[in-house]
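All values derive from a computational prediction rather than experimental measurement.
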Amino acid sequence: VQLQASGGGLVQPGGSLRLSCTTSEFTLAYYAIGWFRQAPGKEREGVSCISRGDDITYYADSVKGRFTISRDTAKNTVNLQMNSLKPEDTAVYYCAADFSCTVIAGLLDYHGMDYWGKGTLVTVSS
């Protein structure tokens, strides 16, 4: 099972990007979908997640107020709108699916996510 993440690119600080996650193999609305990122030399971290059914959202403190996760059920897509981007947002961004968003000690956990995409690179630089 494979998810496809897209929408990454090079953007200046303060700019915006919208990442999309989709698959042709199952209906994303039946799953919780999380976005994670990994910067060079750093551990993968949870960015945002949207639960299945009630669409409750989670955001890491570092992106609250700047990023918005949403579903487009007609397109079988989950989007991550990223505004006011900062150089520290530079990373490879991955989407993942599971039955729930697992938050441990306030942090979105990636270990239990079952299905992953290959990632899309976001570079924030002037």
Side-chain angles (χ1 to χ4, degrees):
V1 175
Q2 193 81 350
L3 301 174
Q4 291 84 42
S6 61
L10 173 64
V11 63
Q12 292 186 340
S16 298
L17 283 174
R18 188 178 75 166
L19 305 184
S20 295
C21 177
T22 191
T23 181
S24 60
E25 300 187 38
F26 56 87
T27 301
L28 294 185
Y30 297 157
Y31 292 82
I33 304 298
W35 283 97
F36 301 82
R37 66 186 181 187
Q38 189 163 18
K42 295 188 176 181
E43 189 174 353
R44 188 169 297 189
E45 65 170 338
V47 175
S48 182
C49 196
I50 187 166
S51 66
R52 62 174 181 155
D54 49 13
D55 284 355
I56 292 174
T57 58
Y58 163 92
Y59 297 96
D61 286 345
S62 58
V63 307
K64 275 181 185 175
R66 300 188 298 123
F67 290 12
T68 303
I69 191 171
S70 63
R71 293 186 186 274
D72 186 339
T73 54
K75 296 182 179 179
N76 199 36
T77 298
V78 172
N79 297 314
L80 184 69
Q81 179 66 41
M82 307 188 298
N83 299 328
S84 302
L85 283 161
K86 305 175 181 180
E88 50 264 43
D89 294 318
T90 295
V92 177
Y93 284 70
Y94 302 87
C95 62
D98 199 358
F99 288 112
S100 63
C101 302
T102 300
V103 178
I104 300 174
L107 299 176
L108 180 64
D109 183 66
Y110 68 87
H111 294 93
M113 303 301 282
D114 284 341
Y115 309 114
W116 288 84
K118 287 188 177 180
T120 184
L121 177 62
V122 172
T123 303
V124 184
S125 175
S126 54

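- No donor-acceptor pair under 3.5 Å is formed between the side chain of Thr77 and the backbone N or O of Asp72.
- Contacts classified as ring-ring contact (aromatic ring centres under 6.0 Å, His included) and involving residues 84-110 (residues at least two apart or in different chains) are given here: Tyr31-Phe99.
- When the ring-ring contact (aromatic ring centres under 6.0 Å, His included) test is applied to Phe36, the partners found at least two apart in sequence or on another chain are Trp116.
- Judged by distance alone, the side chain of Thr68 and the main-chain N or O of Gln81 form no donor-acceptor pair under 3.5 Å.
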Quiz: residues 7-19 side-chain donor-acceptor pairs under 3.5 angstrom, not counting sequence neighbours:
{"unit_1": "Ser16", "atom_1": "OG", "unit_2": "Asn83", "atom_2": "OD1", "d": "2.9"}

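- There is no path of hydrophobic side-chain contacts, each under 4.5 Å, that joins Ile104 to Met113.
- Pairs passing the ring-ring contact (aromatic ring centres under 6.0 Å, His included) check and including a residue from residues 40-76, sequence neighbours excluded, do not occur.
- Counting only residues at least two apart or on different chains, the salt bridge (charged side-chain N to carboxylate O under 4.0 Å, His left out) pairs with a member in residues 44-60 are Arg37-Glu45, Asp55-Arg71.
- To the nearest 0.5 Å, atom OG1 of residue Thr102 and atom CG of residue Leu108 are 7.5 Å apart.
- Shortest non-hydrogen contact noted between Ser51 and Ala32 is CA-CB, 4.0 Å.
- Minimum heavy-atom separation, Ala29 to Thr73: CB-CG2, 4.3 Å.
- Ser20 meets the side-chain hydrogen bond (donor to acceptor under 3.5 Å, both in side chains) test with Asn79; sequence neighbours excluded.
- Annotation: disulfide (SG to SG under 2.5 Å) contacts involving residues 3-41, sequence neighbours excluded, comprise Cys21-Cys95.
- Although no hydrogens or angles enter the test, the distance criterion places a donor-acceptor pair under 3.5 Å between the side chain of Thr23 and the main chain of Glu25.
- Each salt bridge (charged side-chain N to carboxylate O under 4.0 Å, His left out) pair with one or both residues in residues 56-67, not counting sequence neighbours, appears once here: Asp61-Lys64, Arg66-Asp89.
- The structure places CH2 of Trp35 at 7.5 Å from OG1 of Thr120, a figure rounded to the nearest 0.5 Å.
- In plain terms, the two heavy atoms of Val124 and Thr90 that are nearest each other are N-OG1, 2.9 Å.
- At a threshold of 4.5 Å between non-hydrogen side-chain atoms, the residues Val47 and Ile69 do not count as touching.
- Sorted by first then second residue, the salt bridge (charged side-chain N to carboxylate O under 4.0 Å, His left out) pairs that include residues 106-119, not counting sequence neighbours, number zero.
- Counting heavy atoms from C-beta outward, Ile33 and Tyr115 have side chains that stay 4.5 Å or more apart.
- Sorted by first and then second residue, the disulfide (SG to SG under 2.5 Å) pairs involving residues 97-126 (not counting sequence neighbours) are Cys49-Cys101.
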